[in-house]
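Below is one structure, written out as C-alpha cells; the observations come after it.
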Amino acid sequence: MLKIRNLHASVEGKKILKGINLEVNAGEVHAIMGPNGSGKSTLASVIAGKEEFEVTQGSIEFEGEDIDEASPEERAHKGVFLSFQYPVEIPGVSVTNFMKTAINESRKAKGLEDMPAKEMLKLIREKSEMLDIDRKFLSRSLNEGFSGGEKKRNEIFQMAMLEPKLSILDETDSGLDIDALRIVANGVNKLRSDDKATILITHYQRLLEYIIPDFVHVIHDGKIVKSGGKELALELEDKGYDWLKQEAAV
Amino acid sequence: MDLKDKLISSFMAFENNIDVEHSVHDIRTAAMKNFETRGFPSKKEENWKYTSLNSLQKTDFSIFPREENTLEYKDVKKYFIHEIDTYKIVFVDGIYSSYLSETTHDGVDICLMSAALTKPMYKQVIDVYFNKIASKDESLTSLNTAFSREGAYIYIPKNKMPKKPVEILHFATGNEASLMLQPRNLIVVEENAELQVIERHQSLTSNEVLTNSVTEIFAAKSAIVDYYKIQNDNSTASLIDNTYIDQKDKSVVKIHSFCFGGKLTRNNLNFYQNGEFIDSTLKGVTILGEKQHVDHHTLVHHKQPNCESHQDYKGIYGENSTGVFNGKIIVDKIAQKTDAFQQNNNILISDKATINSKPQLEIFADDVKCSHGCTIGQLDNEALFYLQTRGIPEKEARALLMYAFANNVLASVRIPELKTRINKLIAKKLGVNLGFDL
C-alpha cells in the first residue's frame with residue numbers, strides 16, 4: 001500500500017529525514033517509535049503532504065502511485081488520513097457540519113454527488129454508536145473546549161467517518177489518561193481490517209499494549225535504525241533509547 | 001464647484017422647503033454654521049489620518065433627488081430579512097417609501113423623522129432628545145444636522161417591546177448620476193423597554209452614492225437595545241456613519257457592524273455612559289477585498305462608576321483593501337470599578353492589504369480594569385494543513401478558518417435568521433460553498 005524509499009526531507013534547510021525506507025501493506029499495523037526530535041512526527045507530516053517540508057530525495061508511493069507532488073487534500077482523497085497530536089479548534093463549525101464538508105469534498109474530487117442528507121445522518125449515527133460518542137458532542141464546535149481525550153476521540157471519529165485506507169496516528173496517546181487511552185485504542189481496533197493499514201507514531205510502549213502492532217520501527221536522527229516485531233517495543237521500554245543511539249553511532 | 005460650496009448653496013434651497021419657524025431650525029442653522037467653518041475633515045486631522053474624503057469632495061453629487069423614485073418589492077426583497085416578520089422603514093433615494101414600509105403607532109412609535117420633526121404630538125420628545133447626544137463640533141455630524149429632515153424615528157415607551165424587529169433600509173436607485181444622502185435617525189428606548197434594529201444601506205446600480213448618516217440612540221434605565229448594521233454595499237457606494245449612544249443606569253446596548261462592502265466606509269461609533277451598571281457592547285466583522293476601505297472609529301466614554309464595555313472587532317483584509325481600527329476609551333476620574341475590554345484582531349490575506357490598528361486609552365480613575373489587545377497576522381498554516389488532511393481543499397479550508405476567526409462576533413447575534421443571513425454573506429464574501437450554511 002505504502003512504499004517509502006530513501007526519503008530525505010528538510011524544513012527551512014534543516015535536514016530532518018535522512019533516508020527512510022518503509023513498506024506498509026494492507027492489513028498491517030506499524031508502530032514507529034523514537035525519542036523526541038528523531039523525526040517521527042515529521043515522517044507522518046511528510047506522508048500526509050505538509051508543504052513546509054521539502055522532500056529533497058527519495059519517493060513516497062501510495063497504492064502504486066507516486067504521491068510526492070500531491071497536495072494534502074489530494075492525498076486525503078486517495079485514502080491517507082493523519083490524526084493530529086494537537087487537533088485544531090474551529091469555533092462555529094459543528095463536528096457534524098465539518099464532517100459533511102470533508103466527506104462531500106472528497107466525493108466531489110471523485111466526481112460524485114454530495115452524499116444525501118439521510119445517508120449522511122445514518123453514517124454519523126452508525127459511527128458515533130460504534131465509538132460510544134454522545135450525539136450532543138456532534139453538535140458542538142469542532143474541538144472547541146474539548147478535553148484532550150475528547151479531541152483524540154474526535155480524531156478517531158473523523159477517521160471512522162472518512163474510512164481511509166491508511167491511517168497515521170501521530171502521538172495519539174500523548175496527554176491521555178488510561179481510560180481515555182483505552183477508549184481511543186478500542187476505536188482504532190474496531191476500525192482495523194484486512195484492506196486497511198495503520199501507522200502508529202508514539203514515544204511510549206503504553207499504547208502498544210492496547211493496539212498490538214505487527215511491526216515496530218525505531219527512528220533515530222532521521223533514519224529507521226531498527227525494525228522488528230511487537231517485542232521490540234518491550235525491549236525499548238526496558239532499555240530506553242540510548243542503546244540504539246549508541247548502536248546507530250557505531 | 002466643490003462639494004462644500006454646493007452644500008452651502010443647497011442649504012438655502014433646502015430652507016425654502018421646510019418650516020424655518022420650527023425650533024429645530026435653529027439647531028440646523030447653527031450646525032450649518034459649524035460645517036461652513038470646519039468644512040470636510042482632512043487627513044491632517046488625527047482622526048482622519050488614514051481616511052481621505054478628497055475624491056468624494058470632487059464628485060458632483062446631487063444633494064436632493066430630482067424626482068421621487070419607486071421600487072418593486074420583488075426587486076429588493078433579498079435585501080430584507082424576509083424570512084421573518086419585521087417593521088420596515090424604507091427610503092428610496094432618501095425619500096420615504098410608504099409602499100415598501102410597515103410602520104406602527106400601536107403602543108410604540110416606529111415611523112418617520114419627517115413626521116416627528118413637524119407634528120406637534122412629537123414635539124416634546126424632539127425637544128428633549130433631538131441633537132442632544134450628537135456632536136455639535138464634528139463637522140460631518142453638523143452637516144447632517146443642518147440637512148436633517150428624514151430618517152427613522154422610533155420611540156419605545158416604558159416597559160414596552162415592539163412585537164418584531166425594525167428594519168431601516170436605504171436604497172439608492174442610481175437614477176441620479178451621483179447622489180448624496182443624509183438620513184437622520186432618532187431612537188428613544190424608555191425605562192425597561194427593549195428594541196432590535198437592523199440597518200442597511202444599499203445602492204442598486206454602479207452610480208456613485210455618498211451617505212452621511214447620523215443616528216442618536218437613547219437607552220433609559222434598564223433599557224435593552226440590539227442594533228445590527230449590515231454594510232455590504234456596492235463598490236461605488238460610500239458611507240459615513242455617525243452613531244451616538246446615550247446610556248442610563250443598567251441599560252444594555254449592543255451594536256454589531258458587519259462590514260463586507262462599499263467603497264469607503266467610516267464608522268464613528270460613540271458610546272456615552274451616563275449612569276451606573278451599564279453594559280455597552282461594540283462588535284464588528286470586516287471582510288474586505290478589491291480597493292475597499294473601512295475605518296472603524298469607536299469611543300466609549302465611561303462617565304460613571306461600575307460600568308462595563310466590551311469591544312471585539314475582527315478584520316479580514318484581502319487584495320488592496322485597507323482598514324483602520326481606532327478604539328478610544330475614556331475613563332473619568334469618578335468612573336471607578338470600570339471594566340473596559342477591547343480586542344481587535346486582523347488577518348491580512350494579501351501582501352497589498354493594510355490595517356492600522358490603534359487603541360487609545362485615557363484613564364483617569366485608579367480602580368479600574370481595562371484591557372486591550374490587537375493582533376495582525378496570517379492564517380495558521382498548521383490549522384490549514386489539518387483541514388486539508390481531512391480532504392478539504394485549500395480555498396475552502398482557508399474560508400473555514402476565516403469564518404472560525406470571526407465567529408466570536410456572530411455568537412452574540414440574537415436574531416437567528418439574521419445570523420444565518422450574515423453567515424451566507426460571509427461565505428459569499430469568502431467565495432466558497434461549503435455544503436452547509438456556515
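Numbered from 1 within each chain, the chains take letters A, B, ... in sequence-line order.
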One thing to verify: whether [Y] and [X] come together as a salt bridge, which I'm taking to mean a side-chain N less than 4.0 angstrom from a carboxylate O.
X	Y	answer
A:E54	A:K15	no
A:E150	A:R140	yes
A:E23	A:R5	no
B:E194	B:R414	yes

Next item on the list: Could you give me the CA-CA distance, side-chain angles and deciding distance for A:D173 and A:T202, then say whether side chain to side chain donor-acceptor pair (under 3.5 Å) is met?
Entry: CA-CA 7 Å; A:D173 50 334; A:T202 182; 2.7 Å; yes
Next item on the list: Under 4.5 Å heavy-atom distance to chain A, tell me which part of B:L401 shows up: side chain, backbone, both or neither.
Entry: side chain
With a 4.5 angstrom heavy-atom cut-off, which part of [X] approaches chain B: side chain, backbone, both or neither?
X	answer
A:S141	neither
A:S83	backbone
A:E52	side chain
A:I90	both
A:P87	both

Next item on the list: Can you spot which of B:I230, B:L410, B:I84, B:N423 makes a side chain to side chain contact (heavy atoms under 4.5 Å, CB included) with B:L418?
Entry: B:I230
Identify which of [options] forms the greatest number of heavy-atom pairs closer than 4.5 Å to chain B.
options	value
A:M159, A:K50, A:E51, A:H77	A:K50
A:S45, A:A102, A:A76, A:P91	A:P91
A:L82, A:V80, A:L142	A:L82

Checklist line | Main-chain N/O of B:A340 paired with B:T338 side-chain donor or acceptor, under 3.5 Å | finding: no
